[in-house]
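Presented below is the structure to which this report refers.
In what follows, every chain begins at residue 1, and chains take the letters A, B, ... in the order their sequences are listed. None of the values given here were measured: they were computed from a predicted structure. All heavy atoms count here, side chains included; hydrogens, waters and symmetry mates do not.
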Protein chains: 2
Amino acid sequence: MSTRESIIHLADQLIRDQGYNAFSFYDIAKTLGIKNASIHYYFPGKTQLGIAVIKEQSRRFNVLKQAVADKRPAEQLRAFAHTYAATRQEERICIVGSLASDLHTLDTETGQSLALFAEEVIEWLETVLEQGKKLGDFTFAVPTRTKALLIITNLLGGLQLTRLTQPQDFYTIAETIIQELSPVQIKENNT
Amino acid sequence: MSTRESIIHLADQLIRDQGYNAFSFYDIAKTLGIKNASIHYYFPGKTQLGIAVIKEQSRRFNVLKQAVADKRPAEQLRAFAHTYAATRQEERICIVGSLASDLHTLDTETGQSLALFAEEVIEWLETVLEQGKKLGDFTFAVPTRTKALLIITNLLGGLQLTRLTQPQDFYTIAETIIQELSPVQIKENNT
DNA sequence: GTCTATATTCCGATAGAC
DNA sequence: GTCTATCGGAATATAGAC
């Protein structure tokens, strides 16, 4: 991994761990064993680094998208949810949730880049849900976009809320999302 | 409103607008027409101010709780969701989402105070859902705590995600949460 | 209670040598 | 590409006068 890639990777981890306004160039520099000023060689300012992080997340999302494109909708959704579960295990949150929380402190470009990425994710999830419904794999009684919003907010919010409760709460949320889409629901006693 | 109360109120607004690590004592001081140092008279440090904000949110939550205690579960839930809708209109997010995003930069006490508040909200929502089910006002097929987690993450995450899309998306989310609990669902065509 | 003044630390950023 | 050195600014916090 190049220095540039390492910087982006670390910035991403720091943003999703501590928040955009809490991490510093020095945090990255000390980990990489370089100096503060070297980061400015790759990124003129914090804004450009932030945007690079968003673009990298978008790139990785598209890699996932392609990797599961031929699979069943249920499996696509499970792969998607799994990336959040992995994030939960790291005690981090997702990039959209982290930067949306700090939105009013970000440059316009950063906010636009983030909004673009969020819409990418929503629209992909919409197509997965739509396909699942057509195939009879999914059942849901609200508009597709609404269902997509509900699922994403469950995952995004779940990463944050369950930092305050227990990790298990997140896995319960993720499993429930998938179970509730199943057309064959075994209705059990629930206490 | 006393100076102390004004400070807490402004800190709350700033935390939910810009984030804990982005607001400064000066932001509050200039609005109140006082000096930086005066805030330290009321709160020794930022940590104590942050905790006071959480406690005030908890107090106001309990006021709401008492105000709707005699009403039907559906109306209690609607009043709860309405506070989030009002927050959405201000372009802010909820205190739990904001501080949970910054959790790893907060003092232990602040984190504990926040976790306590989050659990208060979850448990109250559980009792409302449970009552609604007993009365036949609500239908849901997952454990009560799970349903509470799903609803709260929809609202918490909705405030953040819809900063990037449109305000209407949030209202759709909030309305859908309530509609989906209704035992008499008119299943319409959904595209 | 509120002020002035200041201490201290940290951060993003830049100039210029190597 | 990476460094040293430094600038300018901002933030939390404290001491002490009024």
- Would one find a side-chain N or O of A:Ser24 under 4.0 angstrom from OP1 or OP2 of C:dC11? yes

- C:dT2 OP1/OP2 closer than 4.0 Å to side-chain N/O of B:Tyr42: yes

- Message: Does C:dC3 have OP1 or OP2 under 4.0 Å away from a side-chain N or O of B:Ser38?
- Response: yes

- Query: Is a salt bridge present between A:Arg72 and A:Glu75, judged by a nitrogen-to-oxygen distance below 4.0 Å?
  - Reply: no

- Can a salt bridge be assigned to the pair A:Arg16 and A:Glu91 using a cut-off of 4.0 Å between side-chain N and carboxylate O? no

- Message: So that I can tick it off, tell me whether B:Glu120 and B:Arg60 are bridged by a salt bridge, with the cut-off set at under 4.0 angstrom between side-chain N and carboxylate O.
- Response: no

- Message: Rounding to an integer number of Å, can you tell me how far A:Lys30 NZ sits from C:dC11 P?
- Response: 8 Å

- Check whether any side-chain N or O of B:Lys46 sits under 4.0 Å from OP1 or OP2 of D:dT12, and answer yes or no. yes

- Rounded to the nearest Å, what distance is computed from the CZ atom of residue A:Phe25 to the P atom of nucleotide D:dT6? 22 Å

- Query: Between B:Glu130 and B:Arg145, is there a side-chain N and carboxylate O pair less than 4.0 Å apart?
  - Reply: no

- Considering just the side-chain nitrogens and oxygens of A:Thr3, establish if one lies under 4.0 Å of OP1 or OP2 belonging to D:dT2. yes

- Message: Using a heavy-atom cut-off of 4.0 Å across all strands, would you classify A:Phe23 as base, sugar-phosphate, or nothing?
- Response: sugar-phosphate

- Task: Starting at atom NE2 of B:His40, determine the distance to atom P of D:dA11, rounded to an integer number of angstrom.
- Result: 12 Å

- Item | A:Asp27 CG - C:dG12 P separation (whole Å) | 8 Å

- Interatomic distance, B:Ile39 CD1 vs D:dT12 P [rounded to whole Å]: 9 Å

- Query: Looking only at side-chain N and O atoms, does B:Tyr41 come under 4.0 Å of OP1 or OP2 in C:dT2?
  - Reply: no

